[in-house]
Amino acid sequence: MVWTGTWVSDRLGIELAGDDELRGLLGLALRRNPKRAHLLVSGVLGKHVPQLPSVVHGHGVTLGRRVRALLGPEEAARAVVLGYAETATALGHAVADGLETAPYLHSTRRPVASVPSAGGFEESHSHATSHLLLPEDPAFFDRGGEAGRGPLVLVDDEFSTGNTVLNTLRDLHARHPRDHYVIVALVDMRAAGDAGRLAAFAEETGACVDVVAHVRGTVRLPEDVLARGLRLVEEQDGRTADPLVPCAPAVAPVRLELGWPAGLPDGGRHGFTPDHRARLREALPAMAARIVDGLGGPEQAGRVLVLGFEELMYAPLVLARALEEAGLDVRFSTTTRSPVLAVDDPGYAIRTRLAFPAHDDPADGPGERYAYNVADGGFDTVLAVVDSAADTPALHAPGGLLAQLATAAPRVALAVVPAHTPVPRTPDRQEPPVLPAPLRGPDFSSYEPDDVGWLLQDLSAVRLEAPVEEREEAVQRGGAHYAESLPVEYQPTEEYQELYRDALAGSAARIARAVGTVTELVLAERSPRPVLVSLARAGTPVGVLMRRWARHRHGTELPHYAVSIVRGRGIDANALRWLAAHHDPADVVFVDGWTGKGAITRELADALAGFPGFDPEIAVLADPGSCVRTYGTREDFLIPSACLNSTVSGLISRTVLRDDLVGPHDYHGAKFYRELSGSDVSRDFVAAVEDRFDEVADAVDQQVKEAASADRAPTWEGWAAVERISEEQGIHDVNLVKPGVGETTRVLLRRVPWKILARRGAGADLAHIRLLAEQRGVPVEERDDLPYTCVGLIHPRYTRGATGADGKAVGSA
């Protein structure tokens with residue numbers, strides 16, 4: 001038989017070397033991904049290649065039994081298992097099955113705001129990088145009894161560079177340190193240098209780190225493999241077309257009722273215990289019998305593919321295994337987010353590709369999803385198994401998954417597993433206490449009491465400030481999150497303050513026009529009595545101004561609150577609980593100052609997934625990233641409130657989220673810098689803009705009229721530009737690229753900047769940027785091709801030694 005990696009190997013020079021079984025387990029394909037050219041395609045994982053369910057499950061169980069033998073019965077009884085989304089969710093489950101007594105959790109990209117995050121990490125080479133850990137039981141990672149926390153078993157399908165595992169280990173060890181980690185994978189493909197980094201972590205922490213893999217080997221890559229791979233994908237795209245038929249199926253899919261046990265989780269997204277495992281095993285024969293009856297018996301069903309759904313792999317897998325045991329000719333695979341080139345060649349691992357729109361309203365926005373090796377697979381029946389969150393009109397629409405499956409098989413059936421809705425639990429299982437009322441000035445903030453209520457806790461007495469250089473090093477090394485400390489407040493020079501005053505005088509009317517426009521759009525399209533909820537801190541001056549516009553123009557007093565949202569950690573769930581208890585969530589309108597690449601826009605959508613009724617659409621003053629549809633302008637111009645820190649934001653610090661300061665029933669924290677009152681311009685800023693309201697009223701009316709008939713759908717151009725800049729500059733991390741005037745200012749005030757990209761001829765909007773860059777020794781590179789006025793680049797490989805003795809940023813070379 002032809003090895004399914006031959007096609008790629010012959011064209012790109014990629015080689016697999018290792019155990020004799022390696023080529024039997026792995027083939028090769030090409031990713032549609034600018035970060036990595038190749039994809040190792042497992043034949044036994046049940047993701048891209050349909051396989052016997054007993055083979056898929058059996059490989060994981062075997063690995064679990066090896067881990068049990070390694071740990072011994074006592075330590076195995078104290079272990080917890082963590083799997084990686086999306087490809088290894090079922091593999092991790094199967095490893096836990098092999099361990100027999102271990103609870104299981106897998107990472108997820110589906111946030112639930114009511115469940116506090118127990119950690120998160122980045123998968124740098126992936127097309128969708130952010131992973132969340134959302135156990136329903138807050139004590140999940142603390143299992144182990146009197147002897148302390150037991151071993152943590154991390155399961156992934158392949159162990160290639162070790163970056164993802166190291167990111168996970170660092171995050172979890174900082175939160176839940178333990179003595180023993182076991183890394184489990186079907187294939188261990190690390191080079192010698194990568195193995196050394198895991199050993200260094202073990203030496204640094206004093207923990208034992210073991211690796212258990214089915215086979216071992218290495219991938220040998222030519223130096224120019226990425227560029228050659230991208231060119232090859234482009235060439236193939238020019239020769240082939242996807243076999244897509246965007247029409248409804250001729251025959252409606254058969255919907256099968258499973259009889260899924262009430263209260264049984266659909267998988268390990270929020271935790272899966274040994275009791276859950278026992279309940280599922282008991283229920284499987286009856287569910288399999290219902291499926292067989294619904295398909296008309298084994299002969300009418302014919303050759304069956306059970307097709308799972310992205311992270312939902314385990315439930316479809318064990319259903320397929322039960323059908324196999326009942327005598328059906330069955331294979332198993334799942335849909336995926338991963339964009340991969342399909343080539344119809346025996347020496348290529350991905351022969352066919354079905355593409356369809358996402359159908360579970362994903363938090364990171366719409367996009368394509370894929371099912372590989374289904375078309376031309378010889379299947380008589382495809383049984384799609386999804387959870388109830390994904391059983392949407394988009395699933396059934398022409399061109400949706402079910403319609404695409406109908407082009408690949410004569411018969412399509414659908415089974416829906418109830419999506420598990422976690423109930424937040426506290427360690428003592430008590431009901432959450434009543435939340436305190438919002439903080440208001442003058443006790444907290446320099447704004448008028450009615451201007452804003454802060455759904456925060458006051459941490460003014462706690463020392464939280466650290467030098468920018470120390471914070472940057474800690475964040476980039478993975479030892480801290482940026483929200484766990486505060487930067488030392490920048491004290492502007494007289495020259496800089498003069499630039500701020502000039503900027504305010506020159507842009508007050510433009511800001512007033514944008515404030516009026518976005519407020520009128522909110523009143524017309526969102527709610528006649530909106531509850532403004534600004535995202536602290538950049539959104540708060542905008543929320544204050546929107547409230548002032550509604551009062552000035554309409555005599556309406558709008559409620560306004562400020563809440564905390566933290567990238568990678570989500571929005572303050574307790575603040576949302578307070579809002580839901582005191583206002584109709586449908587009236588809540590989230591407000592921010594501007595969009596950059598849209599990270600917070602996506603973060604908010606993720607965070608609100610568990611809070612029905614809240615609209616995740618943000619209203620912003622300026623939307624240069626084209627990330628929202630409710631905005632005052634899409635120009636990237638200087639909003640003077642971005643020039644300063646707390647002294648233009650009510651003397652309130654950035655928000656803080658740290659486990660030792662913020663408990664499960666606390667709001668996120670912030671500080672009130674009363675000592676800076678002599679420099680405060682918060683009220684002056686609001687007054688200067690409010691004074692221009694009458695002057696811009698006619699222009700606002702005209703702008704709103706034009707906006708009402710315009711196509712304001714987000715294009716996410718900013719995100720695409722940031723990804724391009726990240727790759728062009730060799731940074732390979734979109735979190736270190738901050739687009740727009742506001743975000744670039746933040747880089748210079750709070751982070752360790754590497755360099756600034758500036759649109760040639762930007763003029764006065766960049767005067768303060770150039771001054772700050774000069775003061776910090778940061779180069780400014782003029783560009784003609786920027787979609788933004790400027791872009792700030794955070795130092796991508798920062799250590800304090802990289803800045804020199806004066807603390808200034810290094811050069812960009």
Side-chain angles (χ1 to χ4, degrees), residues 365-366 507-527 530-550 553 558 560 562 565 588-605 608 614-642 689 692-693 696-697 699-722 738-746 765 787-790:
S507 62
R510 185 160 51 164
I511 296 168
R513 188 164 61 248
V515 167
T517 300
V518 71
T519 308
E520 294 296 337
L521 288 173
V522 165
L523 292 169
E525 299 177 352
R526 300 287 291 277
S527 170
V531 178
L532 304 178
V533 178
S534 59
L535 304 179
R537 155 179 90 168
T540 305
V542 178
V544 171
L545 283 166
M546 291 176 68
R547 184 180 182 280
R548 296 284 186 97
W549 177 276
R553 191 79 188 275
L558 300 183
H560 174 215
I565 186 168
V588 169
V589 176
F590 293 96
V591 174
D592 207 357
W594 56 84
T595 64
K597 55 182 173 285
I600 290 299
T601 308
R602 297 186 179 198
E603 189 81 41
L604 180 64
L608 293 177
F614 288 99
D615 187 341
E617 173 75 23
I618 303 178
V620 300
L621 196 65
D623 180 36
S626 190
C627 306
V628 300
R629 67 179 310 275
T630 307
Y631 54 84
T633 180
R634 276 188 167 152
E635 295 179 62
D636 182 18
F637 72 97
L638 171 60
I639 301 171
S641 59
V689 177
R692 303 295 188 94
F693 282 174
V696 302
V700 167
D701 291 342
Q702 181 61 33
Q703 225 168 298
V704 171
K705 183 178 179 180
E706 294 171 358
S709 59
D711 180 6
R712 292 179 279 133
T715 64
W716 296 93
E717 293 175 6
W719 190 275
V722 165
K738 303 295 184 180
V741 178
E743 293 301 304
T744 302
T745 304
R746 287 178 167 185
D765 278 337
Y788 296 92
T789 303
C790 60

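These values consider heavy atoms only, across backbone and side chains, with no hydrogens, waters or symmetry-generated copies.
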Enquirer: Might you point out which heavy atoms bring Leu532 and Gly543 nearest each other, and give the distance in Å?
Expert: CD1-O, 3.8 Å
Enquirer: Can you find a heavy atom in the side chain of Leu535 that is under 4.5 Å from one in the side chain of Ile618?
Expert: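 In short, these two side chains touch, coming nearer than 4.5 Å.
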Enquirer: With rounding to the nearest 0.5 Å, note down the distance linking CD in Glu520 to CD in Gln703.
Expert: 11.5 Å
Enquirer: For a side chain to side chain contact (heavy atoms under 4.5 Å, CB included) check, start with the C-alpha distance between Thr789 and Glu635, then their side-chain angles and the critical distance, and finish with the verdict.
Expert: CA-CA 9 Å; Thr789 303; Glu635 295 179 62; over 6 Å; no
Enquirer: Within the structure provided, determine whether Trp594 and Val620 are in side-chain contact (heavy-atom separation under 4.5 Å).
Expert: no
Enquirer: Between atom CG of Asp615 and atom CZ of Arg526, what is the distance when rounded to the nearest 0.5 Å?
Expert: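 Interatomic distance, Asp615 CG to Arg526 CZ, rounded to 0.5 Å: 4.0 Å.
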Enquirer: I need the minimum non-hydrogen distance between Thr630 and Glu617, along with the two atoms involved.
Expert: N-OE2, 3.4 Å
Enquirer: List the residues meeting side-chain contact (heavy atoms from CB on, under 4.5 Å) with Ala605, not counting sequence neighbours, and say none if there are none.
Expert: Pro616
Enquirer: Does any part of the side chain of Leu558, heavy atoms only, come nearer than 4.5 Å to the side chain of Met546, both counted from C-beta?
Expert: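 The answer is no; the side chains never approach within 4.5 Å.
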Enquirer: List for me each residue that meets ring pair (Phe, Tyr, Trp, His ring centres under 6.0 Å) alongside Trp549, sequence neighbours excluded, and say none if there are none.
Expert: Phe693
Enquirer: Please give me the minimum heavy-atom distance between Ala619 and Val518, naming the atom from each residue.
Expert: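 In terms of heavy atoms, the two residues are closest at CB-CG2, 3.9 Å.
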Enquirer: Which residue pairs satisfy the salt bridge (charged side-chain N to carboxylate O under 4.0 Å, His left out) criterion with at least one member in residues 703-713, sequence neighbours excluded?
Expert: Glu525-Arg712
Enquirer: Please examine the side chains of Val704 and Leu521, heavy atoms only from C-beta on, and report whether any two atoms are closer than 4.5 Å.
Expert: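 Counting from C-beta outward, Leu521 and Val704 do come under 4.5 Å.
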Enquirer: So which heavy atom on Asp592 is nearest to which on Val542, and how close?
Expert: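 Result for this residue pair: O-CG1, 4.1 Å.
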Enquirer: How far does OG1 of Thr517 sit from CG of Leu621, to the nearest 0.5 angstrom?
Expert: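 Rounded to the nearest 0.5 Å, the OG1-CG separation comes to 9.0 Å.
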Enquirer: Is any side-chain heavy atom of Val522 closer than 4.5 Å to one of Ser527?
Expert: no
Enquirer: Tell me the closest heavy-atom pair linking Val700 and Ala512, and the distance in Å.
Expert: CG2-O, 4.5 Å
Enquirer: Return the set of residues passing side-chain hydrogen bond (donor to acceptor under 3.5 Å, both in side chains) with Thr595 (not counting sequence neighbours), or none when no residue passes.
Expert: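 With sequence neighbours excluded, Thr595 shows a side-chain hydrogen bond (donor to acceptor under 3.5 Å, both in side chains) to Asp623, given in chain and number order.
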Enquirer: Walk me through it: do Thr744 and Tyr788 pass the test side chain to side chain contact (heavy atoms under 4.5 Å, CB included)?
Expert: CA-CA 10 Å; Thr744 302; Tyr788 296 92; over 6 Å; no
Enquirer: Quick check: closest heavy atoms across Val722 and Pro739, and the distance to 0.1 Å?
Expert: CG2-CG, 3.5 Å
Enquirer: Applying side-chain hydrogen bond (donor to acceptor under 3.5 Å, both in side chains), can you list everything that pairs with Ser626, at least two apart in sequence or on another chain?
Expert: Thr715
Enquirer: For the atom pair CZ (Arg513) and CZ (Arg692), what is the distance rounded to the nearest 0.5 Å?
Expert: 10.5 Å
Enquirer: Quick one: salt bridge (Lys or Arg N to Asp or Glu O under 4.0 Å) partners of Arg548, sequence neighbours excluded?
Expert: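 Salt bridge (Lys or Arg N to Asp or Glu O under 4.0 Å) list for Arg548, sorted by chain: Asp451, Glu690.
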